[in-house]
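All remarks here apply to the structure that follows.
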Amino acid sequence: MTANQLNPRLLATHVMYEVVVKQQHLKLALQHTLAKNNLINHISAQDKAWLQNICYQSLRHHHNLTARWQKFIDKPLKDKLIAELLTLSLAQKFHLDTPDHAVVNEAVKCAKKLKKQWATGLINKVLKLAVMDHSFTPSNAVETYNHPQWWIDILQKDWPDHWQNILHANNQKPPLWVRVNDDDLHIEGHQHPQLKNAWRLVETQTSTSKELQQGQFSVQDAAAQYAAHILHPQAGELILDACAAPGGKSCHLLELQPQIKLDILEKEPHRLELVKDNLKRLNLEANRLIEGDATLPKTWFNGDKYDKILLDVPCSAAGVVRRHPDIKLLRQAKHIKQLTDLQQQILQQMAALLKTGGQILYATCSVFRSENESQIKKFLAANPDFQPMDLNIELAENCLYGQQIITGSEAMDGFYYCLLEKIR
């Protein structure tokens, strides 16, 4: 496909198929689809932005949009490519304000380009009915909240007073938060009430890539900016940032206190390169950059125990779904057990690397209690030489151990923190 032949709706259909049917992450699906069509360097910024937007909106509201067209077919549609075309067509109608005739006509054109001539009549009929259907009402919680039922069940149990707000926030376009490193930089936005360097940009803010590259600010959600402040780095301390990529929290620690000795650990080589890029952009220097596995410290630990450890463990990412809507369709209930086993293993291994009197900050971008306070409860039962420390995140909910930032609170992502001290 050449740039002149580019059809963003056709590309979007292929991307959605990659995500929903082939279970590929959205960013990889976008990259793979553009590369397959030889468009990586030939798609305009406008077309790429439209492509990304329609895919994000289709995934955020996938359950509801799919139900809207399924209402008008007699039996399940076997062709999954056409199914995704119908869903993203309705995303154009209900979330991009595309005129009805354009929704229908462009979908029919896409079917022809896909060599699915048999589907043109079905698409024409179903979409005309669906775009004019003003009486549609969701038939269940999945269609109402655009989340799998198991996910809804967990949130209802974990957060009986907040679950609806969390689900609603998950389906919104995320705000853009930045961490400002230059006090002279003018920001059009809203300053965080507790973090003076955290700014939420307004829609009209036009921050340039030049300012970003010069290190005047870094893109980082306000919830994630708490990590470095909680750990409160002091000059001369030896600190480990485990599971560090892409390096936002590492860089923040060094910005707060350049005189620390920071070891940065990352398992994946290509992700460690992201950390290096961020350090270079901000003109910061780490003590050690370590390609290694947090579950296998014997393969990389040099024997020098740490004063502090930042442990942002792999998790379900249930607190950042608005930024990664494909998670709702890719994540399954069975994955949670696998993740909690890994989290506990990492926490136990990292705790052994801490000095007496040292601190370890356990963090996740999840709102599931099984990944958060339940992990701390299990850890403390097996490690009586540790105790939890008080936190003061004003906008967070107090848990049995630690604090939980609820997704959408002060427009922040969902994040959990618990600070542990080794007392002997």
- Item | No-hydrogen, no-angle side-chain donor-acceptor test under 3.5 Å, Asn146 and Asn64 | no

- Can you tell me if Glu373 uses its side chain to pair, donor with acceptor, with the backbone of Ser370 under 3.5 Å? no

- Task: Check for a donor-acceptor pair, side chain of Asp263 on one end and backbone N or O of Leu240 on the other, with a separation under 3.5 Å.
- Result: no

- Message: Does Asp341 have more than 12 heavy atoms from other residues, nucleotides or ligands lying within 6.0 Å of its CG?
- Response: yes

- Task: Examine the side chains of Gln225 and Asn197 and answer whether a donor and an acceptor come within less than 3.5 Å of each other.
- Result: no

- Query: Just by distance, do the side chain of Asp413 and the backbone of Val320 share a donor-acceptor pair under 3.5 Å?
  - Reply: no

- How far apart are the closest heavy atoms of Ile264 and Ala286, and which atoms are they? CD1-CB, 3.7 Å

- Any side-chain donor near an acceptor of the partner, Gln343 and Glu371, under 3.5 Å: yes

- Task: Tell me yes or no: between the side chains of Asn392 and Gln403, is some donor less than 3.5 Å from an acceptor?
- Result: no

- Query: For Gln194, does its backbone N or O pair with a side-chain atom of His192 as donor and acceptor, under 3.5 Å?
  - Reply: yes

- Task: Count the heavy atoms belonging to other residues, nucleotides or ligands that lie under 6.0 Å from CD of Gln338, then report whether that count exceeds 12.
- Result: yes

- Item | Any donor-acceptor N or O pair under 3.5 Å, side chains Glu397, Gln404 | no

- Message: Is it the case that the side chains of Gln172 and Arg322 hold a donor-acceptor pair, with the cut-off being a distance below 3.5 Å and no angle test?
- Response: no

- Item | Side-chain ion pair, Asp221 and Arg323, N-O less than 4.0 Å | yes

- Given the rule in the side chain to side chain contact (heavy atoms under 4.5 Å, CB included) test, do Tyr226 and Leu195 qualify, once you have shown the distances and angles that lead to the verdict? CA-CA 8 Å; Tyr226 273 104; Leu195 304 171; 3.8 Å; yes

- Under 6.0 Å between ring centres, would you say that holds for Tyr56 and His61? no

- Might you confirm whether atom CD of Glu285 has over 12 heavy atoms from other residues, nucleotides or ligands at distances under 6.0 Å? no

- Intermediate values then yes/no, side chain to side chain contact (heavy atoms under 4.5 Å, CB included), Cys55 and Leu26: CA-CA 8 Å; Cys55 290; Leu26 175 56; 4.1 Å; yes

- Message: Can you confirm whether more than 12 heavy atoms, excluding those of His335, are under 6.0 Å from its NE2 atom?
- Response: yes

- Decide whether Gln164 and Tyr145 meet the rule of one side-chain donor and one side-chain acceptor closer than 3.5 Å. yes

- Task: Answer yes or no: is there a donor N or O on one side and an acceptor on the other, between the side chain of Glu266 and the main chain of Glu268, under 3.5 Å?
- Result: yes

- Task: Compute the centroid of each ring, for Tyr362 and then for Tyr417, and state whether the two points are separated by less than 6.0 Å.
- Result: no

- Query: Can a donor-acceptor pair be found between the side chains of Ser316 and Ser366 at a distance below 3.5 Å?
  - Reply: yes

- Message: Would you say that more than 12 heavy atoms from the other residues, nucleotides or ligands in this model lie under 6.0 Å from the NZ of Lys280, or not?
- Response: no

- Message: Regarding Asp133 and Ser135, do their side chains bring together a donor and an acceptor under 3.5 Å, going by distance alone?
- Response: yes

- Message: Within the supplied structure, the quantity of interest is the number of heavy atoms (other residues, nucleotides, ligands) at a distance under 6.0 Å from Asn283 CG; does it exceed 12?
- Response: no

- Query: Step by step, would you call Lys308 with Glu237 a salt bridge (Lys or Arg N to Asp or Glu O under 4.0 Å)?
  - Reply: CA-CA 8 Å; Lys308 293 173 180 175; Glu237 288 181 332; 3.2 Å; yes

- Taking NZ, NE, NH1 and NH2 as the nitrogens, is one of them in Lys249 or Asp312 under 4.0 Å from a carboxylate oxygen of the other? yes

- Task: Consider only side-chain N and O atoms of Gln375 and Tyr401, and report whether a donor and an acceptor are under 3.5 Å apart.
- Result: no

- Between Phe368 and Trp159, is the ring centre distance below 6.0 Å? no

- Message: So, applying side-chain contact (heavy atoms from CB on, under 4.5 Å) with Gln92, which one of Val103, Asp100, Asn53, Asp97 is it?
- Response: Val103

- Message: Centroid separation under 6.0 Å, is that true for the rings of Phe217 and Trp199?
- Response: no

- Message: Treating Arg424 as the side-chain partner and Pro384 as the backbone partner, does any N or O pair qualify as donor plus acceptor under 3.5 Å?
- Response: yes

- Message: Taking the ring centre of each residue, are His32 and His14 less than 6.0 Å apart?
- Response: no

- Message: Tell me whether Arg200 contacts the main-chain N or O of His190 through its side chain, where contact means a donor paired with an acceptor under 3.5 Å.
- Response: no

- Backbone N or O of Ile336 within a donor-acceptor pair of the Thr340 side chain at under 3.5 Å? yes

- Message: If only side-chain N and O atoms count, and only distance matters, is there a donor-acceptor pair under 3.5 Å linking Gln345 with Gln349?
- Response: no

- Query: Step by step, would you call Phe379 with Phe386 a ring pair (Phe, Tyr, Trp, His ring centres under 6.0 Å)?
  - Reply: CA-CA 9 Å; Phe379 173 79; Phe386 279 81; 5.2 Å; yes

- Query: Got a donor-acceptor contact below 3.5 angstrom from the Asn383 side chain to the Asp385 backbone?
  - Reply: no

- Query: Backbone N or O of Lys196 within a donor-acceptor pair of the Gln191 side chain at under 3.5 Å?
  - Reply: yes

- Item | Donor on one side chain, acceptor on other, Asn278 and Arg281, under 3.5 Å | yes

- Message: Please tell me whether Ser139 and Glu143 have a donor and an acceptor in their side chains that are separated by less than 3.5 angstrom.
- Response: yes

- Between Gln359 and Asp307, does a side chain to side chain donor-acceptor pair (under 3.5 Å) hold up when you go through it step by step? CA-CA 7 Å; Gln359 298 172 355; Asp307 295 291; over 6 Å; no

- Is it true that atom NE2 of His25 has more than 12 heavy atoms of other residues, nucleotides or ligands lying nearer than 6.0 Å? no

- Task: Only one of His147, Lys328, Glu84 passes side chain to side chain donor-acceptor pair (under 3.5 Å) with His62; say which it is.
- Result: Glu84

- Message: Could you check whether Thr87 and Ser58, counting side-chain N and O atoms only, form a donor-acceptor pair closer than 3.5 Å?
- Response: no

